[in-house]
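Numbered from 1 within each chain, the chains take letters A, B, ... in sequence-line order.
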2 protein chains.
Amino acid sequence: MQPRAHVTLEDVARAADVSLATASRALNGMRVTPHLRDRVLAAAAQLAYTPNAHARALAGASHRTVGVICHDVTDPYFAAVAGGVMRVAGANDLLVMLASTFRDPEREIAYVSMLRAERAPAILLIGSGFEDTRWERAMEAELKPYLDGGGRVAVVSRHRSLKVDSVLPENRAGAAAMARALLELGHRRFAVLSGPRALTTVIDRLGGFRDELAAAGVTLDPADVVEGPFTRDGGYQAMTDLLTRGLDATCVFAVTDVMAIGAYAALRDHGLSVPGDVSVAGFDDIPIVRDLTPPLTTVALPLREIGEKVMELALTENTTRRRRILRLSGEVVLRASTAKVGA
Amino acid sequence: MQPRAHVTLEDVARAADVSLATASRALNGMRVTPHLRDRVLAAAAQLAYTPNAHARALAGASHRTVGVICHDVTDPYFAAVAGGVMRVAGANDLLVMLASTFRDPEREIAYVSMLRAERAPAILLIGSGFEDTRWERAMEAELKPYLDGGGRVAVVSRHRSLKVDSVLPENRAGAAAMARALLELGHRRFAVLSGPRALTTVIDRLGGFRDELAAAGVTLDPADVVEGPFTRDGGYQAMTDLLTRGLDATCVFAVTDVMAIGAYAALRDHGLSVPGDVSVAGFDDIPIVRDLTPPLTTVALPLREIGEKVMELALTENTTRRRRILRLSGEVVLRASTAKVGA
DNA sequence: CCCGCTCCTGAATGCGTTTTCAGTAAGCGC
DNA sequence: GCGCTTACTGAAAACGCATTCAGGAGCGGG
């Protein structure tokens, strides 16, 4: 009763009593006598035939499975971006091979290699890269032959480290705008919850924030910048460190919403209220932050659009002479987590 | 300067001056004279050779890309489960083809078909199915030839609709336990924020909750059960409906944490406090709910483990005579969103 | 010193499609 | 009715790799 492991085109051709070539053409909508086409289609349906994508890819038909590599599928930031990626993929009948590195650079490179083996026509890298470390070199070495082989690569937030088409949130400008907004609320003493300093995203957000403060004559003491991983617990830990050491600031800027969520928890555990005792601001505007109490002031990035754009970048030919860079700006959204000083 | 589109095994063999067969064996770690093996490996490295996964799959080597279909990549519930799936996939050198149906049953079936074409050795379906509708019939029809062809299917929360290996949260028992916990707090008048009633998950959670109340002599008026999509906005809308129509209950049970988040927002917008004016309970224990204000009382499911188990199910041969069902129980976690009545 | 066995190697085959190429039947104009 | 073009069809090659099969070299035992 066990049917053949797989129904092949040959089975369909035989059932329809035509040649392989004709069956193939009928199934692919090329010109075939209606009479024969119907017979082939009927046979295919009857046998529940599904073309073998591998054979098809081998034989030269373009294949429709792109690769996406992210740091952590679990992260709300990525989830939001992935939403955009998936919508565009779905609209183009593409399948997405998704890999989560869980922030292990070694795995990231291994995944590129696997995606290369799959002959994915495009690879998307989502999440910020390291600035100038051996990992980025290795990544470039891995990507080079892929690009040479006609593969397309598009990235989010890795403009510095990788010279490929990219979607780039205006991290620097966004952080600067946030600095201005906070200064306007009267804040003068700041603390920053920073992510790993080697990440380009951190460099830009931190730099933009600090420079804007400096322009207003406010200096950010390096001791008030605490570093932690880009996670909720990273934010919790960083905020706790700050509190233990004696927090002097009236306002805390977390370079990431997810870290801000951790900061909220740490502050609550220390009996401090937001924004009563200290104002908190984040960056990204992941969906959940508007449902926090208080809703988080943040730099709103068009997360879903970022995903859509990076996928579109990977899907369209680059006709320009240079790599394409799409800069998407963020917008400061003031919510209840930040208050006027003295108010 | 444009290198060959792709370096093939033949190129490597030629460069190493050995036969194709030897090159293949050397690369796959089969017995080959060390001298030759080194030459092949060196040539491969030098040419940046990457085996073509399609050719490999065609030639009969098992291929390592499994398929996962979910309702919405954007949903925190799925993100948490996906975390587990991805960990196990990573540990087994598997690539995951991920498809998000965005709750369109038609797309779900289309994706199964695509995954079938990709000859994925396993397909995972994550998220609850419909009870007994034409979609599930169509799904079964699509899955049948796949299973017959040796494909493996494992699902989460679809035990009724699909007769395949499954991981099954104890929805009914969990909801019953929650009912008991809430009764114990003194609540007698309840409202429920329900998802689409055709979903097995809803049937079980709602049923478990209602039956347990009934057992305690408390009846749940159908008018107090409001239905909405399994989303934050669905919860917001359902809660708002309830409030507009005049909320009589002291406690609201949302069949999903995500819906509870919407309920929080609706309550806040109506100037009601949780749990002062009304207690709220959820289901799932997605990570964010412990950072809500107040932290949400919920039925904690081992989300990541669910993902790990379903992947393991799909990866291991079913040696038993019947389909395997892994029941994972949830545990009521009382947090600050529920209060004693009259306290 | 020869036979037989073991261990490797290389040539050839097959996997399921697409696509080229050649061939055949039909259709058209004269 | 004949020659030419057009429109399909079928046979066969190619895609890149794993693997089977047969042959050859090396080795030990008799």
Side-chain angles (χ1 to χ4, degrees), chain A residues 3-41 43-44 47-65 114 116-121 145 149-150, chain B residues 3-41 43-44 47-65 114 116-121 145 149-150:
Chain A
R4 279 200 43 164
H6 284 294
V7 177
T8 71
L9 185 59
E10 195 181 346
D11 300 326
V12 175
R14 195 175 315 128
D17 193 32
V18 297
S19 73
L20 257 91
T22 303
S24 172
R25 282 189 277 252
L27 260 3
N28 288 311
M30 313 190 67
R31 287 206 63 79
V32 170
T33 306
H35 177 57
L36 291 185
R37 182 164 48 69
D38 293 347
R39 238 161 61 196
V40 171
L41 261 32
L47 297 172
Y49 167 71
T50 309
N52 182 321
H54 297 302
R56 194 175 260 196
L58 234 205
S62 80
H63 106 161
R64 314 195 60 72
T65 308
M114 292 174 77
R116 214 142 78 74
E118 296 287 338
R119 297 294 184 269
Chain B
R4 279 202 41 167
H6 284 295
V7 177
T8 72
L9 185 59
E10 193 181 348
D11 299 328
V12 175
R14 197 176 311 131
D17 195 29
V18 297
S19 73
L20 249 79
T22 303
S24 172
R25 283 189 276 253
L27 259 4
N28 289 312
M30 314 190 69
R31 289 204 63 78
V32 171
T33 307
H35 177 59
L36 291 186
R37 183 165 45 70
D38 293 348
R39 241 163 56 197
V40 171
L41 262 32
L47 297 172
Y49 168 71
T50 309
N52 183 322
H54 297 302
R56 194 175 262 195
L58 237 204
S62 80
H63 106 159
R64 314 195 60 73
T65 306
M114 292 174 78
R116 213 143 79 73
E118 295 289 337
R119 296 295 183 270

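For Arg39(A) (side chain) and Asp17(A) (main-chain N/O), a donor-acceptor pair under 3.5 Å exists by modelled atom type.
For Arg119(A) against dG16(D), no side-chain N or O and base N or O form a donor-acceptor pair under 3.5 Å.
A pairwise comparison of heavy atoms in Ala44(A) and Val12(A) identifies N-CG1, 3.9 Å as the closest pair. Taking each heavy atom of Ala13(A) and Ala23(A) in turn, the nearest pair found is CB-CB, 4.0 Å. Closest approach of Glu118(B) to His63(B), counting heavy atoms only: O-CE1, 3.4 Å. Taking all atoms of both residues into account, the shortest heavy-atom contact from Arg119(A) to Val7(B) is NH2-O, 4.2 Å.
Following rounding to the nearest Å, Glu10(B) (CD) and dG10(C) (C1') show an atom-to-atom distance of 14 Å. When the P atom of dA25(C) is taken as reference, atom NE2 of His35(A) falls 17 Å away, rounded to whole Å. Following rounding to the nearest Å, Arg14(A) (CZ) and dT17(C) (P) show an atom-to-atom distance of 12 Å. Rounded to whole Å, atom P of dT18(C) lies 10 Å from atom CG of Asn52(A). In this structure, the CG atom of Asp11(A) is 13 Å from the C1' atom of dC15(C), given to the nearest Å. Straight-line distance from the CZ atom of Arg31(A) to the P atom of dC8(D): 4 Å, rounded to whole Å. The distance from atom NE2 of His54(B) to atom P of dT18(C) is 14 Å, rounded to the nearest whole Å. Atoms CG (Leu27(B)) and P (dC17(D)) sit 9 Å apart, rounded to a whole Å.
With dA11(C), dT19(C), dC15(C) as the candidates, the nucleotide lying closest to the side chain of Ala59(B) is dC15(C). Set against dG10(C), dG16(C), dT9(D), the side chain of Val32(A) has dT9(D) as its closest nucleotide. Of the candidates dT19(C), dA18(D), dT17(C), dA18(D) carries the atom nearest the Arg56(B) side chain, counting heavy atoms from C-beta on.
The residue Leu9(B) sits close only to the backbone: its heavy atoms come under 4.0 Å of sugar-phosphate atoms, none of a base. Note on Thr33(A): only backbone sugar-phosphate atoms sit closer than 4.0 angstrom, heavy atoms only; bases stay farther off. Within the 4.0 angstrom heavy-atom criterion, only backbone atoms of the sugar-phosphate kind lie near Leu36(A); the bases stay farther away. Contact annotation for Arg25(B): base contact, defined as any heavy-atom pair under 4.0 Å involving a base atom.
Between Thr22(B) and the phosphate of dG10(C), there is a side-chain N or O to OP1/OP2 separation shorter than 4.0 Å. Between Asn28(A) and dT18(C), a side-chain N or O to OP1/OP2 separation shorter than 4.0 Å is present. Distances shorter than 4.0 Å separate some side-chain N or O of Ser19(A) from OP1 or OP2 on dG10(D).
With DNA chain C read from its 5' end, the first of the two nearest nucleotides for Met30(A) and Ala55(B) is the one closest to Ala55(B).
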